[in-house]
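Please read the structure below before turning to the comments.
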Amino acid sequence: MRRIATASVLIFPIVVLLLLATASPSYAQIDHNIKPVNATAQSHVGGLTGSASGEAQGGLVLYRRFCVGCHGPAGDGTGENAQWIDPKPRDFTLAVFKCRSTPTGTLPTDDDLFNAVTRGFDTTNMPSWRPLTDQQRANLIAAVKSFSPRWQNEKPGTPITIPAETPINIESVLRGRALFQKMECWKCHGPAGHGDGPSASTLTDSKDNPIRPYNFSTGTRFKCGETNQDLYKIFMTGLDGTPMPSFADVLKPEEGWDLVHFLRTLQPLKTQEASLWKAYAAAHSSEIKPIGPDSGAGGSK
């Protein structure tokens with residue numbers, strides 16, 4: 001019995017230490033390592049209010065657990081894993097975001113950030129965080145906002161209005177193809193949309209990091225979503241921090257939809273647009289001019 005009692009006395013402190021080591025870190029511990037400029041930041045997503053501060057489920061606690069390795073303690077995209085990641089992690093201190101419903105140059109809405117965290121980013125190391133609860137994701141959004149003073153001094157932009165989609169037909173696809181040529185989208189994205197245009201290797205983001213144009217043939221979705229409305233929104237808001245500008249002042253709404261319909265033909269999907277183009281191309285192969293520097297004024301025929 002004495003041996004058992006002695007062993008228990010020796011083991012008990014070890015068990016306590018193990019429990020302390022594996023326990024959820026307190027906010028005080030988080031605040032010591034993470035460097036927000038506004039630890040009381042909040043988000044508002046639907047009926048949820050997210051908080052950067054708080055115990056266990058607070059945004060900064062979750063940030064330390066899931067995000068700090070890439071985005072860094074100060075949220076500036078310089079985490080210990082960042083050197084191995086391409087494209088580089090987002091610098092939250094600048095509050096410049098690609099995927100938004102708001103005009104270029106403006107802050108995104110909390111819903112925009114929530115959708116981004118939920119969806120993840122195709123062709124990057126940023127995964128979908130759907131396994132987290134809605135409340136946890138709302139708290140994480142508050143943590144993201146805590147790293148930049150812009151959220152204290154500015155309001156998000158007003159989301160753009162997405163008009164009703166125009167009919168999907170071969171005429172729209174052909175007009176979109178002509179716009180792809182006229183606006184020289186092929187210089188970055190390549191004649192076939194493979195991200196291999198003549199300017200592709202020279203592109204950099206707003207922090208002078210190399211950045212690759214989107215390759216439409218590699219996936220079933222886009223950087224900021226998967227619907228036609230998502231793609232239209234990219235044209236009209238731009239991907240801030242990248243060479244992809246907003247075309248809101250250049251494209252008419254119907255032209256935006258034409259471009260959407262053409263780009264759908266470049267994806268490895270059995271879409272209505274792809275079927276229309278395949279049938280047209282088979283019947284008019286001799287009339288179709290190639291996209292690129294030698295196509296003249298065409299692109300459609």
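Quick caveat, the model's predicted, so the values are computed rather than measured.
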Sub-3.5 Å donor-acceptor pair from the side chain of [X] to the main-chain atoms of [Y], do we have one?
X	Y	answer
Asp230	Thr227	yes
Gln181	Gly292	yes
Ser146	Ala39	no
Ser275	Thr271	yes
His284	Tyr280	yes
Arg100	Leu107	no
Thr124	Met126	yes
Gln135	Thr49	yes

Q | Asp110 with Lys145: basic N within carboxylate O range, under 4.0 Å | A | yes

Q: Would you check, one step at a time, whether the test ring pair (Phe, Tyr, Trp, His ring centres under 6.0 Å) holds for His189 with Tyr214?
A: CA-CA 6 Å; His189 292 286; Tyr214 191 77; 7.5 Å; no

Strictly by modelled atom types, are [X] and [Y] linked by a side-chain donor-acceptor pair under 3.5 Å?
X	Y	result
Asp258	Ser172	yes
Thr109	Asp111	no
Glu165	His261	yes

Q) Between Leu276 and Ile168, is a side chain to side chain contact (heavy atoms under 4.5 Å, CB included) present by the stated rule, with each step listed? A) CA-CA 9 Å; Leu276 289 167; Ile168 300 174; 4.0 Å; yes

Q: For Glu255 and Lys252, run salt bridge (Lys or Arg N to Asp or Glu O under 4.0 Å): C-alpha distance rounded to whole Å, both residues' side-chain angles, the deciding distance at 0.1 Å, then the answer.
A: CA-CA 5 Å; Glu255 291 177 322; Lys252 299 176 182 177; 5.5 Å; no

Q: Report the residue from Ile160, Thr106, Thr104, Thr102 that forms a side chain to side chain contact (heavy atoms under 4.5 Å, CB included) with Thr237.
A: Ile160

Do [X] and [Y] have side chains that approach each other closer than 4.5 Å (heavy atoms only, starting at C-beta)?
X	Y	answer
Arg119	Cys224	yes
Asp112	Cys99	no
Leu266	Ser217	no
Leu113	Phe97	yes
Asn33	Pro73	no

Q) When the ring centroid of Trp186 is compared with that of Phe180, is the distance short of 6.0 Å? A) no

Q: Answer yes if Phe114 and Trp151 sit in the same cluster of Ile, Leu, Val, Met, Phe, Trp and Tyr residues linked by side chain heavy atoms under 4.5 Å apart, and no otherwise.
A: yes

Q: Identify whether Ile85 and Phe121 are in the same connected component of the hydrophobic contact network (ILVMFWY, side-chain heavy atoms under 4.5 Å).
A: no

Q: Determine, step by step, whether Phe92 and His71 satisfy the ring pair (Phe, Tyr, Trp, His ring centres under 6.0 Å) criterion, reporting the C-alpha distance in whole Å, the side-chain angles of both residues, the deciding distance to 0.1 Å, and the verdict.
A: CA-CA 8 Å; Phe92 298 135; His71 294 284; 4.4 Å; yes

(Q) Would Phe235 and Leu263 count as a side chain to side chain contact (heavy atoms under 4.5 Å, CB included) here? Give the steps. (A) CA-CA 12 Å; Phe235 294 151; Leu263 291 179; 3.3 Å; yes

**Q.** For the student: nearest non-hydrogen atoms of Glu273 and Asn228, plus distance
**A.** OE2-ND2, 3.3 Å

Q) On the ring face of Phe262, is Arg264 found with NZ or CZ under 6.0 Å from the centre and within 45° of the axis? A) no

(Q) Does Lys98 form a salt bridge (Lys or Arg N to Asp or Glu O under 4.0 Å) with Asp240? I'd like the steps, not just the answer. (A) CA-CA 5 Å; Lys98 295 178 183 178; Asp240 283 1; over 6 Å; no

